[in-house]
Amino acid sequence: MNVTQINMTAFGLSERFAVLTTDYPNLLVGRILSQERGLYRVISVRGEQFAETSGKFHYEVGRVSDFPAVGDFVMIDCPKSMGNAIIHHILPRKSVFIRKAVGTAQKEQVIAANIDTVFICMSLNNDFNLRRLERYLSICWESGTAPVVVLTKADLCKNTAEKLSSVEGVAMGADILITSAIEQDGYEQVLPYIKEGHTIALIGSSGVGKSTLINRLLGEKRLNTTGLRKDDKGRHTTTRRELFLLPNGGLVIDTPGMRELGLWNAAQGLDKTFSDIDELSAKCRFKNCSHTTEPGCGIIAAIEGGDLTSERWQSYQKLKAENAYAEDAESYLAAKEQKHKNLAKIIKQKKSKGIIRR
Ligand code: GDP
């Protein structure tokens, strides 16, 4: 039987990954296209098939993020007859997009792996929110992926220049594109990012136009888009993440239905997103400045001088606290307790010296 082999380079199998596969001469390399209830759809030279992780894999895996996710390269064993392929190993990821799992559990969730560029999609009308953008940017930088901010629905916005300028103020180091599904210009700006073997993931609230853009790139209406409601929100019902091969090369991962994007171990991403705040605090007179009442505080001076908005400063503090909590809830609480104890000690000392009366 003459079966056409799939070109795995087109699916992102670069030299980096090809070298890693040589450790497993008896297994085949595949890439995860989608996942549903513990079953994975995998593409390999043999084409698409379903796969599941081996018992040994399950036994040895330590963390939730060690399980395969969309975009992962995996080493599989294909059955000789009917049945699912077996996933034995995941090749080390070059980037991984992780959020805190939805709900109260302190667990992580891998959204996608081995992404080259993330398109953070935000519409220029109802969905426009700089504070959310800061959150998305932090997770992107942390993932090891270059973020591109895609501002959609320019046709529904009257003050695009003003909004663009405010985005430039928070998205330092990221490219910013303006698109409109109705006009061709924005779409052409997206094209340079589409390259053979290069994986792009689209993230953003529901209804901002991600499916519309992916369908345009696919050249067909493969994803369902939703008619606009009066409040301009789409009504996506699916939450399935999926990797698509584009007709002119390049790969795209759709991540619909992500309402919450909680931070998970994103300290470096936060530092990169808020590098301006880092520079401002370096100007503080005191090294341990709390940026509240100290004289010569770089942050307070910047807020008063209009170089830093108090919204951005608050957003930074909020995200820092959220990340610290997610990183280690226990040690965060312990640190907080210690801070209270220190404060109580200071108050006690001041009372004994007569500085504070009550
Ligand atoms: P998704 O949930 O992010 O995938 O959003 P969709 O692609 O489903 O789009 C939601 C709705 O917005 C659909 O009705 C689209 O036709 C509409 N839409 C998408 N892009 C634009 C745009 O640039 N301008 C306008 N006016 N509508 C758009």
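Start at 1 and go down the list; that is how both ligands and their atoms are numbered. The figures here come from the full heavy-atom set of this structure, side chains too, leaving out hydrogens, waters and symmetry mates.
Remark: ligand 1 and A154 share no N or O pair separated by less than 3.5 Å (distance only, no angle test). For ligand 1, the polar-atom distance check finds an N/O of T212 within less than 3.5 Å of one of the ligand's N/O atoms. Some N or O of G207 is nearer than 3.5 Å to an N or O of ligand 1, by distance alone.
Note on K210 versus D254: no salt bridge recorded, every NZ/NE/NH1/NH2 to OD/OE distance being 4.0 Å or above. Under 4.0 Å is where a charged nitrogen must lie from a carboxylate oxygen, and between E242 and R41 at least one such pair does. A salt bridge links K56 to E60: one of the charged nitrogens lies within less than 4.0 Å of a carboxylate oxygen.
With ligand atoms numbered from 1 in the order given, ligand 1 contributes 26 (N) to contacts under 4.0 Å with heavy atoms of L156. When each atom of ligand 1 is checked for a heavy atom of S211 under 4.0 Å away, the hits are 1 (P), 4 (O), 7 (O). Those atoms of ligand 1 that come under 4.0 Å of a heavy atom in K210, given as number and element, are 1 (P), 3 (O), 4 (O), 5 (O), 7 (O). For ligand 1, the atoms closer than 4.0 angstrom to any heavy atom of S206 are 2 (O). Each of the following atoms of ligand 1 lies closer than 4.0 Å to a heavy atom of S180: 23 (O).
Between H88 and F57, the ring center distance fails the sub-6.0 Å criterion. Taking the six-membered ring for Trp and the full ring otherwise, the centers of F119 and Y193 sit less than 6.0 Å from each other.
Nearest-heavy-atom check against atom 25 (C) of ligand 1 across D155, T255, L124 picks out D155.
Ligand 1 has no atom lying under 4.0 Å from any heavy atom of T152.
In this structure P92 satisfies the side chain to side chain contact (heavy atoms under 4.5 Å, CB included) test together with R16, L20, sequence neighbours excluded.
With a 4.0 Å cut-off on non-hydrogen atoms, V208 touches ligand 1 through its backbone as well as its side chain.
Between K94 and the options N114, T145, D116, a side-chain hydrogen bond (donor to acceptor under 3.5 Å, both in side chains) holds for only D116.
Applying the salt bridge (charged side-chain N to carboxylate O under 4.0 Å, His left out) rule to pairs touching residues 275-291 yields D276-R312, sequence neighbours excluded.
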